[in-house]
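Everything below concerns the one structure shown next.
Reminder, nothing fancy here: chain letters follow the sequence lines and each chain counts from 1.
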Amino acid sequence: MSVVEQIKSVAREALGSLYPDATIPASAVTVNQTKPEFEGDYTLVLFPFLKILRQKPDAIGTAIGDYLKEHTDYVTNYSIVAGFLNLTISDKFWADFLQNNFVNTDYGTQSSTGKNVMVEYSSPNTNKPLHFGHLRNIFLGYAMSSVLEVTGNNVIKSNLINDRGIHICKSMIAWQKFANGATPESTGIKGDHFVGDYYVKFNDAFKQEVEDMVAKGAEKEVAEKEAPILLAAQEMLRKWEAGDEEIVSLWETMNGWVYDGFDVSYKRMGVDFNKMYYESDTYLLGKEVVQEGLDKNVFLQKEDGSIWIDLQDEGLDQKILQRKDGTSVYITQDIGTAIKKYEDCDLDTSIYVIGDEQNYHMQVLKLILQKLKHPCADGIYHLSYGMVELPTGKMKSREGTVVDADDMMDEMIAIAKQQTEEAGKTDGFTEEELKALYETIGLGALKFYLLRVDPKKKMIFDPKESIDLHGFTATFIQYAHARICSILRKEKIAQIPDAASFSNFNLATELTEAEKKLIVSLEQYPDVMQNAADDYNPSLLCNYTFQLAQHFNSFYDAHSISKAENDEKKQLRLMIIIMTAQVMRHAMGTLGISLPNKM
RNA sequence: GGACCGGUAGCUCAGCUGGAUAGAGCAUCUGCCUUCUAAGCAGACGGUCAUAGGUUCGAAUCCUAUCCGGUUCACCA
């Protein structure tokens with residue numbers, strides 16, 4: 001249990017014992033970190049008690065302060081300033097905490113909750129390569145999965161691939177018409193980009209056909225519906241659904257090219273999946289459920305045979321679930337897939353990492369399943385995130401304004417290389433090591449940039465301004481980590497040494513401000529991790545780790561480690577930096593960001 | 001029009017389960033490398049927390065209204 005929780009708990013106990021007649025709600029006990037301008041480490045706010053107890057703050061504060069001093073071995077002193085009870089925690093407590101945890105590589109990892117949690121993320125279309133917006137989804141999904149795993153859940157990472165539909169047929173038609181049998185192998189183009197190029201070619205051809213038809217006197221609206229290439233794509237989709245062998249075979253081939261390309265990108269991003277779902281397998285699911293719902297009168301059928309759900313009681317509209325011709329719509333297959341996931345993996349929670357433009361859709365999905373009283377309903381959580389936009393507005397693949405994900409990764413690695421060379425920090429590395437280092441720095445910066453903002457906020461990325469490697473960045477944290485490793489190398493100490501090597505440590509002198517700040521921050525880490533899980537917000541880990549690195553840099557500047565004043569200080573500081581580096585690796589590793597030992 | 005989300009320093013963002021004088025980074029300016037990595041540190045400058053009411057001992061935080069921006073409300077996926 002963290003110090004804050006311990007203080008709260010003893011404070012509640014104190015109130016109960018000192019004022020047995022009064023009932024004070026647990027929520028009234030708030031403990032904050034003491035503001036730097038006052039003496040103390042943590043502060044108990046006394047105002048909430050005044051009215052209930054009808055006493056002055058000084059009287060209550062003194063009583064609680066004395067109780068805490070007497071009943072704990074870590075509260076050594078207190079002072080009351082204008083209704084705030086400032087508590088001083090003993091240096092010995094902090095030193096003991098450090099000694100008990102500094103080699104614990106599981107520090108921050110919580111014990112098992114026994115819960116099965118699925119996180120669905122990435123979920124691409126197979127007609128074009130991934131772009132910058134997908135990166136936010138992918139990094140967020142991966143980070144969230146790890147956070148949930150670290151906080152004790154059994155996590156299944158899943159990817160629902162949108163491998164069917166008119167958009168794929170568009171790429172297929174264009175390939176038939178324009179490719180002359182070209183393949184990714186024959187052209188040397190990465191598979192997803194190769195197929196994406198034909199999607200663009202389709203749109204170019206479509207535009208041209210519409211123009212020609214309009215020039216010959218057709219209405220624009222009519223032309224947009226009747227352009228031959230579009231009709232061909234629609235015909236192809238019908239054939240695909242009918243199981244036409246030639247079409248299905250082409251579809252398999254082209255999807256295969258795309259998957260090969262995605263695999264390369266996913267690998268480079270450092271993300272993976274435990275379970276793949278394909279829409280071509282799942283798009284017919286849900287129909288049975290619709291029938292069941294109809295039988296149970298949860299849904300209603302209109303005269304034309306279409307099936308609907310009425311959500312007007314929930315403040316929403318009526319929503320269609322099945323067309324009059326009996327075919328399923330988007331939400332129908334999602335109902336089916338949600339149930340399938342639940343049954344496949346015995347899920348307690350099912351998280352969908354999907355952009356916020358689908359908030360309404362996800363709300364409807366959950367409501368429908370709740371109305372059906374399906375056990376999977378309550379576990380559904382939409383991890384909604386804001387779009388990544390360009391200064392000119394949204395990215396649109398058809399208008400060619402997308403920032404490609406692969407290009408972006410190349411770009412970041414190139415920046416890392418350039419800045420490392422400019423700073424003259426390439427000495428003592430082999431070519432191989434440098435290459436790995438640039439990847440670590442470049443991809444780390446990219447991931448951090450996308451993860452450091454609250455997911456629900458939309459973000460604007462200006463491709464003209466490269467992602468900074470100074471300030472609130474992964475690079476800052478990586479640099480602090482490399483500095484620690486450098487000290488440990490010189491001292492010939494392992495990153496995680498034998499705990500026994502400091503067993504004769506004994507705190508005799510006071511902790512300095514810089515030392516204490518770091519230890520206090522380290523103590524808070526498990527709470528931060530838990531908050532990130534509870535709030536579904538990995539950005540909390542970015543903020544925390546950045547602050548930890550800031551504290552380390554100040555500490556580094558203020559104190560010498562290898563030439564500390566005496567042996568006691570040296571041991572103390574070594575333990576501090578060992579644990580700091582350990583927590584940094586743990587936190588950033590959870591987000592999928594690795595920290596170099598040297599940079 | 002209804003629903004949902006956002007509006008905090010010139011820019012990008014923390015803080016939002018109410019607590020002390022609203023914090024970081026970038027940008028601008030001033031210092032600091034014969035001592036463990038200056039991708040760093042110390043400091044300066046910069047705020048009607050969109051606006052107006054309300055609740056409270058106390059409001060950036062909660063409530064109401066308004067303004068601005070975004071998303072969404074398809075027999076598309």
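The closest donor-acceptor contact from the side chain of Lys425(A) to the backbone of Lys598(A) lies at 3.5 Å or more, if one exists at all.
Taking the P atom of each, rC63(B) and rG43(B) are spaced 38 Å apart, rounded to whole Å. Annotation: rA50(B) and rG6(B) have their C1' atoms spaced 11 Å apart (nearest Å). Taking the P atom of each, rG23(B) and rA9(B) are spaced 14 Å apart, rounded to whole Å.
Gln478(A) has its CD atom 10 Å from the C1' atom of rA39(B), to the nearest Å. Across the protein-nucleic acid pair, Tyr330(A) atom OH and rC73(B) atom P stand 11 Å apart, rounded to whole Å. One interatomic measurement links the two molecules: CZ of Phe448(A) to C1' of rC26(B), which rounds to 14 Å at whole-angstrom precision. The interatomic distance linking Ile331(A) (CD1) with rA74(B) (C1') rounds to 12 Å, in whole Å. Atom CD1 in Ile467(A) sits about 15 Å away from atom C1' in rG25(B), given to the nearest Å. Rounded to an integer number of Å, the gap from Asn597(A) CG to rU37(B) P is 14 Å. Atom P of nucleotide rC57(B) and atom CZ of Phe49(A) are separated by 17 Å, given to the nearest angstrom. Taking atom OH of residue Tyr360(A) and atom C1' of nucleotide rC5(B), one finds them 17 Å apart after rounding to whole Å.
Here the side chain of Lys458(A) is nearest to one of rG7(B), rC73(B), rG69(B), namely rG69(B). When distances are taken from the side chain of Val45(A) to each of rG19(B), rC75(B), rC41(B), the shortest belongs to rG19(B). Picking from rA77(B), rA20(B), rA39(B) the nucleotide with the shortest atom distance to the side chain of Thr475(A) gives rA39(B). Proximity note for Asp317(A) (side chain, C-beta onward) versus rC73(B), rU72(B), rA14(B): the nearest is rC73(B). Nearest nucleotide to the side chain of Tyr556(A), out of rG19(B), rU37(B), rG40(B): rU37(B). The nucleotide whose nearest atom lies closest to any side-chain atom of Leu540(A) is, among rG15(B), rG19(B), rU37(B), rG15(B). The side chain of Val329(A) approaches rC75(B) more closely than any other nucleotide in the set rA14(B), rC75(B), rA20(B). Distance from the side chain of Lys456(A) is smallest to rG6(B) among rG40(B), rG6(B), rA77(B). The side chain of Asn553(A) lies closest to rG40(B) when the candidates are rC57(B), rC75(B), rG40(B). Of the candidates rU71(B), rG19(B), rG40(B), the closest approach to any side-chain atom of His470(A) belongs to rG40(B).
For Lys457(A), a side-chain nitrogen or oxygen approaches OP1 or OP2 of rG7(B) to under 4.0 Å. Between Tyr479(A) and the phosphate of rA39(B), there is a side-chain N or O to OP1/OP2 separation shorter than 4.0 Å. Distances shorter than 4.0 Å separate some side-chain N or O of Ser486(A) from OP1 or OP2 on rU37(B). In this structure, Arg483(A) reaches the rA38(B) phosphate: one of its side-chain N or O atoms is under 4.0 Å from OP1 or OP2. OP1 and OP2 of rC4(B) both lie 4.0 Å or more from every side-chain N or O belonging to Asn359(A).
Among the protein residues, Gln547(A) comes within range of no part of the nucleic acid, since none of its heavy atoms lies under 4.0 Å from any strand. Among the protein residues, Ser539(A) comes within range of no part of the nucleic acid, since none of its heavy atoms lies under 4.0 Å from any strand. Looking at heavy-atom distances under 4.0 Å, Ser554(A) makes contact with sugar-phosphate atoms alone, never a base. As judged by a 4.0 angstrom heavy-atom cut-off over every strand, Asp535(A) is placed among residues making no nucleic acid contact. As judged by a 4.0 angstrom heavy-atom cut-off over every strand, Ala482(A) is placed among the base-contacting residues. When heavy atoms are screened at a 4.0 angstrom cut-off, His382(A) is found touching no nucleic acid atom at all. Using a 4.0 Å heavy-atom cutoff across all strands shown, Lys425(A) reaches at least one base atom of the nucleic acid. If you check every strand for non-hydrogen atoms under 4.0 Å, Val453(A) touches sugar and phosphate atoms only. Looking at heavy-atom distances under 4.0 Å, Met599(A) makes contact with a base. Gln550(A) comes within contact range of the sugar-phosphate backbone alone, with a heavy-atom separation under 4.0 Å but no base atom that close.
In this structure, rU21(B) forms no base pair with any nucleotide, since neither Watson-Crick nor G-U wobble geometry is met with both distances under 3.5 Å. If you check rC4(B) for Watson-Crick or wobble pairing at under 3.5 angstrom, you find it paired to rG70(B). Pair check for rU37(B) finds none; no Watson-Crick or G-U wobble contact set falls under 3.5 Å. Across all strands shown, rC26(B) forms a Watson-Crick or G-U wobble pair, both distances under 3.5 Å, with rG10(B). Nucleotide rC16(B) is matched to nothing when pairs are restricted to Watson-Crick or G-U wobble geometry with both distances under 3.5 angstrom. Using N1 to N3 plus N6-O4 or O6-N4 for Watson-Crick, or N1-O2 and O6-N3 for G-U wobble, each under 3.5 Å, rA52(B) pairs with rU64(B).
If you look at His559(A) and Phe555(A), their ring centroids are closer than 6.0 Å.
Here Phe546(A) does not lie in a stacked arrangement on the base of rA24(B), lacking the combination of planes under 30° and ring centres under 5.5 Å apart. Stacking here means ring centres nearer than 5.5 Å and ring planes tilted less than 30 degrees, and by that measure Phe472(A) does not stack onto rA24(B).
In summary, Arg238(A) and Glu235(A) engage in a salt bridge, as defined by a charged side-chain N under 4.0 Å from a carboxylate O. Between Glu491(A) and Lys570(A) there is a salt bridge, since at least one side-chain N of the basic residue sits less than 4.0 Å from a carboxylate O of the acidic one. A salt bridge is absent between Lys319(A) and Asp310(A): the closest approach of a Lys/Arg side-chain nitrogen to an acidic carboxylate oxygen does not fall below 4.0 angstrom.
At a cut-off of 3.5 angstrom, the base of rA39(B) holds no donor-acceptor pair with the side chain of Thr473(A). A donor-acceptor contact under 3.5 Å is formed by the side chain of Thr43(A) with the base of rA20(B). Contact annotation: side chain of Asp454(A) to base of rC13(B), donor-acceptor pair absent below 3.5 Å. Side-chain to base pairing of Asp468(A) with rA39(B): no donor and acceptor N or O lie closer than 3.5 Å to each other.
Two residues are said to be in side-chain contact when any heavy atoms from C-beta on lie closer than 4.5 Å; Leu321(A) and Ile331(A) meet this criterion. Between Thr580(A) and Ile484(A), some side-chain heavy-atom pair lies under the 4.5 Å cut-off. Side-chain contact check for Lys170(A) versus Leu230(A): some heavy-atom pair is nearer than 4.5 Å.
Position along RNA chain B of the nearest nucleotide to Leu85(A) versus Asn537(A) favours Asn537(A) as the more 5'-ward residue. Two residues, Lys35(A) and Asp356(A), neighbour RNA chain B, and the one matched to the more 5' nucleotide by heavy-atom proximity is Lys35(A).
Anti is the glycosidic conformation of rC13(B), whose angle departs from 0 by more than 90°.
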Would you sort out whether Glu279(A) and Thr282(A) count as a side chain to side chain donor-acceptor pair (under 3.5 Å), showing the intermediate values?
CA-CA 5 Å; Glu279(A) 215 171 90; Thr282(A) 62; 5.8 Å; no
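Side-chain contact of Gln318(A) with Lys302(A): a donor-acceptor pair under 3.5 Å is present, judged by distance alone.
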